[in-house]
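Worksheet: one structure, shown below.
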Amino acid sequence: MSEKTIPILPCRTIQPVLDFYTALGFEVTFRQRSPNPYAVVQRGGIQLHFFGMKHYEPAESFSTCIVQTDDIDGLYETFRGGLKAAYGRAPNRGLPRIGPLKNTSHGVRQFLMTDPGGNCIRIGQQMSYDQHHRPAPKETFARAVHHASLLADSKEDLTGAAKVIDRVLRLQGEPPTPVQLLRLLVLRADVATRLGDKEAATSALAAATAVHLTADERESVQDDLNRLTQLLD
């Protein structure tokens, strides 16, 4: 006995969605124009179905699905490369967009990708059998990174994430460690970029670039440094 689940996702028009996924290396395996717009794309074991809705608003979409992989880093680089080739850059705001690759608090290494139809594809690799969120750290700056990341990526509350980071960076007294500061600044730059706040993004990127890290510290925040390079590109 064998079962298979395939998501059917909405979009306003089919063609921009197909262009997006073919740029990622997907193949269009089915296309129907009438009586209702419908299409299927497939790449390896990933199969997605789409249907057109004339009055659908992609920017207000809540549709999402999860894609599980055993090569999250390879898939991320492939998808970013495909988007850069197709769009001239890997878009990080608006529609479509691709987010940063990072380790989550529930044991998954993942990135979020949103297509022109507003569908959020959560692509991840399970790194732990415990799928419960780890409790927030008690240390002030680590706790701020934890909560700001959840607000930005899980709830897409970018303004809330920015407020958390700005508040903790204004604290007087014991400063954050270089690693903590780098992580906070890169996340702040990421959030500002996605909000379209060029001034805040430029300021955070400049400050993040100026943080001095030892070789061991750089290794511990390699994902953040990779994101910094992407944001500077």
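Numbers here simply count residues along the sequence, with the first being 1.
- In this structure, Leu83 and Leu24 have side chains that are in contact, with non-hydrogen atoms separated by less than 4.5 Å.
- Ring geometry for Phe26 versus Tyr21: interplanar angle over 60°, hence perpendicular rather than tilted (30 to 60°).
- Side-chain contact, Gln42 with Gln47: a donor N or O sits under 3.5 Å from an acceptor N or O.
- Judged purely by atom type and a 3.5 angstrom limit, Ser149 has no side-chain atom pairing as donor or acceptor with the backbone of His146.
- More than 12 heavy-atom neighbours from other residues, nucleotides or ligands sit within 6.0 angstrom of CD on Gln222.
- The number of heavy atoms from other shown groups lying within 6.0 Å of CD1 (Ile6) is above 12.
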- Please assess Gln32 against Asn36 for the test side chain to side chain donor-acceptor pair (under 3.5 Å), listing each intermediate value before the final yes or no. CA-CA 7 Å; Gln32 172 182 286; Asn36 299 302; over 6 Å; no

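- Hydrophobic clustering of Ile, Leu, Val, Met, Phe, Trp and Tyr side chains at less than 4.5 Å, counting indirect connections, keeps Leu18 apart from Val40.
- In this structure, Ser203 contributes its side chain and Ala200 its backbone to no donor-acceptor pair below 3.5 Å.
- Judged by distance alone, with hydrogens and angles left aside, the side-chain atoms of Ser105 form no donor-acceptor pair with the main-chain N or O of Arg134 at under 3.5 Å.
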- Verify side chain to side chain donor-acceptor pair (under 3.5 Å) between Arg109 and Asn103, making sure each step is shown before the conclusion. CA-CA 4 Å; Arg109 183 165 174 77; Asn103 295 325; 3.1 Å; yes

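- To the nearest 0.5 Å, atoms CZ (Arg122) and CD (Gln68) are separated by 13.0 Å.
- Between Leu181 and Pro175 the shortest side-chain heavy-atom distance does not fall below 4.5 Å.
- For the atom pair CG (Asp166) and CG (Leu184), the distance works out to 10.0 Å, reported to the nearest 0.5 Å.
- A salt bridge (Lys or Arg N to Asp or Glu O under 4.0 Å) with Glu156 is found for one member of Arg194, Arg97, Arg93 and no other, namely Arg97.
- The environment of Phe62 atom CZ is sparse: at most 12 non-hydrogen atoms of other residues, nucleotides or ligands sit within 6.0 angstrom.
- Within the 4.5 Å cutoff, side-chain heavy atoms of Asp233 are placed close to those of Lys84.
- Placement of Val186 and Ile98 in two distinct hydrophobic clusters is found when ILVMFWY residues are connected by side-chain heavy-atom separations under 4.5 Å, directly or transitively.
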- For side-chain contact (heavy atoms from CB on, under 4.5 Å), just list the numbers for Thr78 and Arg43, CA-CA rounded to whole Å, side-chain angles, deciding distance to a tenth of an Å, and then say yes or no. CA-CA 12 Å; Thr78 296; Arg43 184 186 190 278; 3.5 Å; yes

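- To the nearest 0.5 angstrom, Leu101 atom CG is 9.0 Å from Gln110 atom CD.
- The minimum heavy-atom distance between Ile72 and Ile123, with the atom names listed, is CD1-O, 3.3 Å.
- There is no path of hydrophobic side-chain contacts, each under 4.5 Å, that joins Leu95 to Phe51.
- A 4.5 Å side-chain heavy-atom check between Gln180 and Thr177 finds at least one atom pair inside the cut-off.
- Residues Tyr56 and Ser61 bring a donor and an acceptor atom of their side chains to less than 3.5 Å of each other.
- Pairing each heavy atom of Val17 with each of Gly117, the nearest pair is CG2-N, 3.9 Å.
- Atoms CG and CG, on Asp153 and Leu158 in that order, are 8.5 Å from each other to the nearest 0.5 Å.
- Judged purely by atom type and a 3.5 angstrom limit, Arg143 uses its side chain to pair as donor or acceptor with the backbone of Pro137.
- In this pair, Tyr87 and Phe20 present their aromatic rings tilted. The plane angle is within the 30 to 60° band.
- Using modelled atom types, one finds a donor on one side chain and an acceptor on the other under 3.5 Å when comparing Gln230 with Arg227.
- Shown here for Ala23 and Ala86, the closest heavy-atom pair between the two residues is CB-CB, 3.6 Å.
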- With salt bridge (charged side-chain N to carboxylate O under 4.0 Å, His left out) as the test, would you mind laying out the steps for Lys102 and Asp223 before giving the verdict? CA-CA 6 Å; Lys102 60 174 63 177; Asp223 284 343; over 6 Å; no

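- Within the 3.5 Å criterion, the main-chain N or O of Lys198 finds a donor-acceptor partner in the side chain of Thr202.
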- Message: Ser63 vs Asn119, test: side chain to side chain donor-acceptor pair (under 3.5 Å). Steps then yes/no.
- Response: CA-CA 5 Å; Ser63 59; Asn119 304 295; 2.3 Å; yes

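- The shortest heavy-atom contact between Ala162 and Val191 is CB-CG1, 4.0 Å.
- The shortest side-chain heavy-atom distance between Val168 and Val145 does not fall under the 4.5 Å cut-off.
- Here CG of Asp157 is found 6.0 Å from OG1 of Thr159. Values are rounded to the nearest 0.5 Å.
- Hydrophobic cluster membership is shared by Val28 and Ile46, with clusters built from Ile, Leu, Val, Met, Phe, Trp and Tyr side chains linked at under 4.5 angstrom.
- The heavy-atom pair separating Leu182 from Ala208 by the smallest distance is CD2-O, 3.6 Å.
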- Task: Tell me, with the steps shown, if Leu112 and Ile121 meet side-chain contact (heavy atoms from CB on, under 4.5 Å).
- Result: CA-CA 6 Å; Leu112 309 185; Ile121 313 299; over 6 Å; no

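- Within a 6.0 Å radius of CD in Glu139, other residues, nucleotides and ligands contribute more than 12 heavy atoms.
- When all heavy atoms of Val108 and Gly124 are compared, the closest pair comes out as CG1-CA, 3.9 Å.
- At a threshold of 4.5 Å between side-chain heavy atoms, the hydrophobic network of Ile, Leu, Val, Met, Phe, Trp and Tyr places Phe111 and Leu225 in two separate groups.
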- Candidate pair Leu228 and Leu205, rule side-chain contact (heavy atoms from CB on, under 4.5 Å), full reasoning: CA-CA 7 Å; Leu228 176 58; Leu205 287 172; 3.6 Å; yes

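- Looking only at side-chain heavy atoms (C-beta outward), Phe50 and Ile8 stay at 4.5 Å or farther from each other.
- How far CG of Leu185 is from CD1 of Ile165: 8.5 Å, rounded to the nearest 0.5 Å.
- Inter-residue side-chain proximity for Glu57 and Arg12 is flagged as met; some heavy-atom pair is nearer than 4.5 Å.
- When side chains are defined from C-beta on, Thr13 does not count as touching Pro37, because their heavy atoms never get closer than 4.5 Å.
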